[in-house]
Amino acid sequence: MRVEDLKRVQIECAKKVVQEDDFGKIETVGGMDLTFEKIDENPTRAWASLVVIELKTLRPIYNLVVEDEVSFPYIPTFLAFREMPLLLKLYEKAAVKPDVYFIDGQGVAHPRGCGIASHFGVETGEVSVGVAKTKLFGHYREPGSRRGSFTYLRHRDRIIGAVVRTKDNTQPVFVSVGHRISLKTAIDLVLKTSKFRIPEPTRLAHNLLQKVRRESLF
DNA sequence: GCGACAG
DNA sequence: ATCTTGTCGC
């Protein structure tokens with residue numbers, strides 16, 4: 001498949017993204033993450049995990065890990081084509097579906113308006129939020145150093161996301177709308193689920209994978 | 001042409 | 001993303 005075709009898919013995906021709250025209550029939040037056996041090899045073995053927490057207590061109520069081979073390379077702005085297959089496999093096997101999904105990466109804060117979080121939301125029809133550790137696209141002013149402060153990520157005076165401080169004196173995270181949720185609610189949800197820098201759903205999903213990867217080693 | 005560039 | 005010990009700060 002050519003790069004032009006992939007761009008086409010993202011442009012079509014962007015048209016389907018819903019950037020307003022479109023759900024009932026949010027009582028559970030899920031975090032998805034991936035880890036690779038060898039980042040410098042292609043294809044390579046990879047694992048994906050889903051951890052669902054209860055919003056009220058921030059305690060995990062469900063875990064799941066799936067494994068598969070990934071062959072598509074990592075190319076900036078085309079992350080979804082590398083990780084989506086495994087995320088969908090994880091989604092299909094999940095016995096517990098959270099009310100919203102936190103995905104590692106950008107949502108609409110993407111050159112063509114459809115980062116992996118939006119791609120996942122649009123393809124599954126689920127509510128999703130993009131939570132990234134670094135920026136991919138847009139400009140911003142550094143937010144205040146205290147937990148809770150944030151600034152907006154912009155692209156030509158258009159707000160595409162937010163740079164949120166989830167912990168005092170720590171690097172912020174980049175939050176953007178995935179699908180069926182407003183940026184305001186997404187920011188609020190990320191802050192409500194953060195005890196440390198990374199929101200609990202994502203942090204726990206990541207920790208679970210490190211453990212699985214370590215054990216699948218020797 | 002140059003710099004930027006999720007995981 | 002992954003390779004990796006100690007070390008500095010709250």
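These values consider heavy atoms only, across backbone and side chains, with no hydrogens, waters or symmetry-generated copies. Just so we're on the same page: letters track the sequence lines, and every chain starts at 1.
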Need one value for [X]: base, sugar-phosphate or nothing, where a base atom within 4.0 Å counts as base even if backbone is also close, heavy atoms only.
X	result
A/Phe81	nothing
A/Glu37	nothing
A/Tyr74	base
A/Ile75	nothing

Could you state the atom-to-atom distance from [atom1] of [X] to [atom2] of [N] in whole Å?
X	N	atom1	atom2	value
A/Phe72	B/dA6	CZ	P	15 Å
A/Ile198	C/dA1	CD1	C1'	14 Å
A/Glu41	B/dG7	CD	P	22 Å
A/Gln171	B/dA6	CD	P	15 Å
A/Lys38	C/dT2	NZ	P	12 Å
A/Lys195	C/dC10	NZ	P	22 Å
A/Lys135	B/dC5	NZ	P	5 Å
A/Leu136	C/dA1	CG	C1'	15 Å

So if I take every side-chain heavy atom of [X] and compare against [options], which nucleotide ends up nearest?
X	options	value
A/Glu83	C/dA1, B/dA6, B/dG7	B/dG7
A/Lys133	C/dT2, C/dA1, B/dA6	C/dA1
A/Arg82	C/dT2, B/dA6, B/dG7	B/dG7

Validation row: A/Leu6, A/Thr77 side chains within 4.5 angstrom (heavy atoms): no
Between A/Lys97 and A/Tyr91, is NZ or CZ placed under 6.0 angstrom from the six-membered ring centre and within 45° of the ring axis? yes
Does a side-chain N or O of A/Thr134 approach OP1 or OP2 of B/dG7 to a distance below 4.0 Å, or not? yes
Can a side chain N or O of A/Gln106 be found less than 4.0 Å away from OP1 or OP2 on B/dG7? no
Nearest nucleotide by nearest heavy atom, which residue falls closer to the 5' end of DNA chain C, A/Asn169 or A/Arg213? A/Arg213
Please check if atom OH in A/Tyr152 has more than 12 non-hydrogen atoms from other residues, nucleotides or ligands closer than 6.0 Å. no
Can a salt bridge be assigned to the pair A/Glu12 and A/Lys16 using a cut-off of 4.0 Å between side-chain N and carboxylate O? no
Please report the interatomic distance SG(A/Cys114) to CD(A/Glu123), rounded to the nearest 0.5 Å. 8.5 Å
